[in-house]
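Here is the structure we will look at, set down as structure tokens.
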Number of protein chains: 2
Amino acid sequence: MTISEVSKKCNISADTLRYYEKVGLISFVNRTSGGLRDYSEEDCRQIEFVKCMRNAGLSIEVLKKYFDLFKRGKRTLKARRDLLEQERKSLQTRLKEMQETLKRLDYKISVYDKALLSEDKELKF
Amino acid sequence: MTISEVSKKCNISADTLRYYEKVGLISFVNRTSGGLRDYSEEDCRQIEFVKCMRNAGLSIEVLKKYFDLFKRGKRTLKARRDLLEQERKSLQTRLKEMQETLKRLDYKISVYDKALLSEDKELKF
DNA sequence: ATAGCAGTTGGAGTGAACTCCAAGTCAAGT
DNA sequence: ACTTGACTTGGAGTTCACTCCAACTGCTAT
């Protein structure tokens, strides 16, 4: 697959795909005889994974660390597991906070709806 | 309350508090005769709100817009409500995605745990 | 063989959200 | 009167994560 195909398929810009490769967030991609990137299905799965994790707020730093461990083979299994566990925890914490904020927004909107029904009321920020 | 008191209480750096005021994310804070900021309880509530929303991913841009509307009085009630509603929606979308990612991490960790029990196994990234 | 287009590189530029700094002010304690 | 320490300002610097650019290469179709 060419870079533009992957870009469309994964909805990530070609620049970002090159950037991810450059900083070691995905492994080096095979090239055609002409020097163009030729992504495999496996590459795509990895890219999808990275996209998903980035989207959830995992830093490039952390994901790079994960793949660096990966490159060092199976003796890093435990370290990788622990890294994932740690990220899982902090994701869960973020999620809880965001759920609280969602509730707060819901409440605030309901207060606005009441104010909008009874004309002439102002609210505190 | 002095800036350092609020900073401690809200766990936001004094620099950030000044920055939020400068960009219009919180209203201008009263000053003592000597020109020092003197935060009111109301100021604190607003700061807490901003912190909470920022933490959930709302941009400074959006929060500024909200407070700008606020300053224009009750004729902007509806606009403010709609802005909150929109942010609520996008927060909910983010939350769902992150929940999916959490599940994915859980699964991945469980796969690692299996691999760690049966020695000698390697995994795909 | 030449135009056109997708791809390549290294490196510079961008935007968001802080964070830090220097130089100065002010009130309180010795 | 002087030191100390918290505070002030405007503006520069930083970090993160891209995003863009210029100059170049190499297929493909005319």
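Atoms considered below: every heavy atom in the structure, side chains included; atoms not considered: hydrogens, waters and symmetry mates. So you know, we letter chains A, B, ... as the sequences are listed, proteins then strands, and number each from 1.
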For [X] and [N], what is the distance between atoms [atom1] and [atom2] respectively, to the nearest whole Å?
X	N	atom1	atom2	value
B/L63	C/dC18	CG	C1'	15 Å
A/I3	C/dA6	CD1	P	13 Å
A/L58	D/dC18	CG	P	12 Å
B/K22	D/dC7	NZ	C1'	15 Å
B/K64	C/dA17	NZ	C1'	15 Å
A/I26	D/dC18	CD1	C1'	14 Å
B/E61	C/dC18	CD	P	14 Å
B/R54	C/dA16	CZ	C1'	8 Å

For [N], does either OP1 or OP2 sit under 4.0 Å from a side-chain N or O belonging to [X]?
X	N	result
B/S59	C/dA16	no
A/T16	D/dT19	yes
A/T2	C/dA6	no
B/R37	D/dC7	no
B/S13	C/dC18	no
A/R31	C/dT9	yes
B/Y20	C/dC18	yes
B/Y19	C/dA16	no

If you check the B/I60 side chain, which of C/dG11, C/dA17, D/dC18 turns out closest?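 Output: C/dA17.
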So if I take every side-chain heavy atom of B/D15 and compare against D/dG10, C/dT8, C/dC20, which nucleotide ends up nearest?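 For B/D15, the side-chain atoms sit closest to C/dC20.
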Starting at the 5' end of DNA chain D, which residue's closest nucleotide do you reach first, A/R18 or B/D38?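 First, find each residue's nearest nucleotide; the 5'-ward one identifies B/D38.
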So if you build clusters from Ile, Leu, Val, Met, Phe, Trp, Tyr with side-chain heavy-atom gaps below 4.5 Å, do [X] and [Y] land together?
X	Y	result
B/F125	A/M53	yes
B/I60	A/L105	yes
B/L25	B/F28	no

Nearest heavy atom decides the nucleotide; on that basis, is B/G34 or B/G57 closer to the 5' end of DNA chain C?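 Nearest nucleotide further toward 5': that of B/G57.
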Between B/E21 and B/K64, does any NZ, NE, NH1 or NH2 come within less than 4.0 Å of an OD or OE carboxylate oxygen?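 Result for this pair is no, no salt bridge flagged.
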Using a distance-only test with no angle check, is there a side-chain donor-acceptor pair under 3.5 angstrom linking B/S90 and B/T93?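 Per modelled atom types, B/S90 and B/T93 side chains form no pair under 3.5 Å.
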